[in-house]
Amino acid sequence: MSSNEKNFYRKLQEIRYDMDKASLNDVNDILDHYNQGFVMIDGVNYNFYISPLEAACLNAKYKEYTGFDHPTFIKEQAKVLDEIIKSGDGISIDGKPSIYQRLKNNLTGKGLGISILTSEKDSYINKYEKIKFDMDKATLADVKDILDHYGQDSVLINGMQHHFSLNVLEAACLNARYKDLTGFDHPTFIKEQAKILKEHIKRGDGIRFGDNPSVYMQLKNNAIEIGNHNHVLYRINAIMQHLEMASLEDIASLLNYFDGSSVLIDGVAYHAFNEPVMAAKLNARYKDLTGFDHPMFVYKAPIVIDRLMKDKERLLEAGAYDFSYFDKLEQIRNEIGQNGRKR
């Protein structure tokens, strides 16, 4: 084995777990020997093996440098993959193609393929980890990169398959940020969201709160609000803990959500509260500030109370509430009725 061959063998060991640091010469030397079998070093034969996953990642790095696929990779990759696929290797999950079939699809341009990233540090996965708890501050470049991969369940980095996928709530919030920055919906989001929502709805996924449809139906019908950390439902616990200091604007906004629709914030559904006693406390603060009952409280409270009263026996048996709670509900309903008659 020549010194150059020894060099490429050593280079593979050095960059195998961090291909982003490989130079063009490194990648070229390694891929020149892809699927070439044994090499001899100091009189000893070594099986110089690069997996098709590693080869695909090295080729992506080569293409990043040159704009072209490596010729040996193109010549050998299909042969290597065909042998593996024919042998039946590779796990198929949820009826989707195996990783080897996806790599073959990358070559043919047909069927579900897989994205290949040359750097873990700058990958869309890492970008998402940094912004997932405050999407409202994400840059356009980061949001675009993440949504470009929506609908994919995995990616290749350094010759390894990393499983990662956004759920429909996360994607909707990222798209809202993208739309704030561009004025348009992200094209991959539009393409994938309808398909994924259809699967959730078909399976009957999602919990209904009150008379509202599931969050998936609300997303399908574009009937759900998307907010940020300033949203009143995000701050509801802090407001309730210091109710005596809460502003009229916050109290009025919260009561507008009483038994209302959910709000998506950072991929999480914040369900509007539907607890009448809590609403009555908010209304008392509203009345202190305005002299009047909040109209949404007056309208919604009897409806919610009636709904709870219909389930009174079951709720008592389950230990969810005691008799004093229902006495309090009766008191709230009577007070609303008395105030209505005064007017």
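Worth knowing before you read on, the calculation uses all heavy atoms, side chains too, and leaves out hydrogens, waters and symmetry mates.
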Given the rule in the side chain to side chain contact (heavy atoms under 4.5 Å, CB included) test, do Leu329 and Met309 qualify, once you have shown the distances and angles that lead to the verdict? CA-CA 9 Å; Leu329 295 186; Met309 287 298 186; 3.9 Å; yes
Under 4.5 Å between side-chain heavy atoms, counting indirect links through other Ile/Leu/Val/Met/Phe/Trp/Tyr residues: same cluster for Leu174 and Leu181 or not? yes
Would Gln101 and Asn105 count as having a side-chain donor-acceptor pair, cut-off 3.5 Å? yes
Tell me every residue that passes ring pair (Phe, Tyr, Trp, His ring centres under 6.0 Å) with Phe258, counting only those two or more places apart in sequence or in another chain. Phe273
Hey, are His70 and Asn28 close enough side-chain-wise for a donor-acceptor pair under 3.5 Å? yes
Establish, from distance only, whether the side-chain atoms of Gln77 and Tyr34 form a donor-acceptor pair under 3.5 Å. yes
Do His271 and Ser262 pair up side chain to side chain, a donor and an acceptor below 3.5 Å, judged on atom types alone? yes
Taking Tyr216 as the fixed residue, which of Ile201, Asn221, Ile224 is the one that meets the side chain to side chain contact (heavy atoms under 4.5 Å, CB included) rule? Ile201
Okay, side chain of Glu120, backbone of Ile157: is any donor-acceptor separation there less than 3.5 Å? no
Would you check if there is a donor-acceptor pair between the side chains of Glu225 and Ser261 at a distance under 3.5 Å? no
Hey, what's the ring geometry for Phe326 with Tyr321, parallel, tilted or perpendicular (30° and 60° as the breaks)? perpendicular
Establish whether Met240 and Met245 are linked, either directly or via other cluster members, by ILVMFWY side-chain heavy-atom contacts under 4.5 Å. no
Show the numbers, then the answer: is there a side chain to side chain contact (heavy atoms under 4.5 Å, CB included) between Ile114 and Gln152? CA-CA 8 Å; Ile114 186 166; Gln152 300 179 26; 5.7 Å; no
Are a donor atom and an acceptor atom from the side chains of Ser23 and Asp26 found within less than 3.5 Å of each other? yes
Any chance you could measure Tyr270, atom OH, to His231, atom NE2, to the nearest 0.5 Å? 11.0 Å
